[in-house]
Amino acid sequence: MTSEEFTLYRKKLDKTQKSLSKLLGVSLKAVQSYEQGWRAVPLHIERKLLFLVVNQRRDDPAKRKECWTLKKCNCKKECPAWEFQAGHLCWFLNGTLCECTSGQEGKEKMEICRQCEVLTSLL
């Protein structure tokens, strides 16, 4: 995640740097450093921030599309996204079975998920 994206999402949440730092469980200096580009945004902070943006009470939850529907998944019943009824949060979960990210974890998975229609449709 770039510093510009981090700032954009903070503004989408309508949060100050200080209030976002509390939500993310990091210091104010860390948030300032992410926005200035002095420090890279760690993966766990990126995922928390995107989780907050996606789950903000601004959209009708019925508009959320489940990953197994968008991807026409054949193995959904074995996937954690299905098990926890979190098809719109598949990018947030490890161990998902989507053909494009199966076997991928951490940074590699998020690089793929950033381009996926499941996440991009929510942002």
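Below, each value reflects all heavy atoms present in this structure, side chains not excepted, and no hydrogens, waters or symmetry copies.
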The ring pair (Phe, Tyr, Trp, His ring centres under 6.0 Å) partners of Phe92 (sequence neighbours excluded) come to Phe51

Student check: side-chain heavy atoms of Cys75 and Trp82 closer than 4.5 Å = no

(Q) Between Lys48 (side chain only) and Leu43 (backbone N and O only), is there a donor and an acceptor less than 3.5 Å apart? (A) no

OG (Ser27) and NZ (Lys22) are apart, to the nearest 0.5 Å, by 12.5 Å

Value for CD1 (Ile45) from CG (Leu50), rounded to nearest 0.5 Å, stands at 11.5 Å

Worksheet item: Would you say Lys109's side chain and Leu93's backbone share a donor-acceptor pair under 3.5 angstrom?
Response: yes

Closest heavy-atom pair, Glu111 versus Gln115, reported as atoms and distance to 0.1 Å, is O-CG, 3.8 Å

* Asked: Do the side chains of Arg10 and Thr7 get nearer than 4.5 Å, heavy atoms only?
  -> yes

- request: Ignoring hydrogens and angles, tell me if any N or O in the side chain of Glu66 forms a donor-acceptor pair with the backbone of His88 under 3.5 Å.
  value: yes

For Val41 and Met1, the nearest pair of non-hydrogen atoms, with its separation, is CG2-O, 4.0 Å

TODO: For side chain to side chain contact (heavy atoms under 4.5 Å, CB included), just list the numbers for Arg39 and Ser3, CA-CA rounded to whole Å, side-chain angles, deciding distance to a tenth of an Å, and then say yes or no.
DONE: CA-CA 9 Å; Arg39 289 173 55 186; Ser3 59; over 6 Å; no

Heavy-atom nearest pair, Leu97 first then Cys79, reads N-SG, 3.3 Å

Applying a strict under-4.5 Å side-chain criterion to I, L, V, M, F, W and Y, I'd like to know whether Trp38 and Tyr34 cluster together.
no

> With the 4.5 Å side-chain cut-off for hydrophobic clustering, are Leu52 and Met110 part of the same group?
Replying inline: yes

Distance-only, no hydrogens or angles: does the Ser19 side chain make a donor-acceptor pair with backbone N or O of Lys15 under 3.5 Å?
-> no

Review point. Do Glu108 and Ile112 come within less than 4.5 Å of each other through their side chains, counting heavy atoms only?
Key: no

Any heavy-atom pair between the side chains of Lys18 and Val31 that's under 4.5 Å?
no

Are the side chains of Leu13 and Leu49 in touch, meaning some heavy atoms are under 4.5 Å apart? yes

Side-chain heavy atoms nearer than 4.5 Å, only ILVMFWY residues, links allowed to pass through others: does that put Leu70 and Leu122 together? no

Could you tell me whether the side chain of Val54 reaches within less than 4.5 Å of the side chain of Trp91, counting heavy atoms only? yes

When Cys73, Cys90, Cys98 are each screened for side-chain contact (heavy atoms from CB on, under 4.5 Å) with Trp68, the one that passes is Cys73

* Asked: With the 4.5 Å side-chain cut-off for hydrophobic clustering, are Leu24 and Leu28 part of the same group?
  -> no

Applying side-chain contact (heavy atoms from CB on, under 4.5 Å) to Glu4 and not counting sequence neighbours gives Thr2

Distance col, row Lys29:NZ vs Ser21:OG, nearest 0.5 angstrom, shows 12.0 Å

### Task
For residues Phe6 and Leu20, determine if any side-chain heavy atom of one lies less than 4.5 Å from a side-chain heavy atom of the other.
yes

One should read off an interatomic distance between Arg114 CZ and Leu123 CG, to the nearest 0.5 angstrom, of 11.5 Å

message = Between Lys12 and Glu5, does any NZ, NE, NH1 or NH2 come within less than 4.0 Å of an OD or OE carboxylate oxygen?
response = no

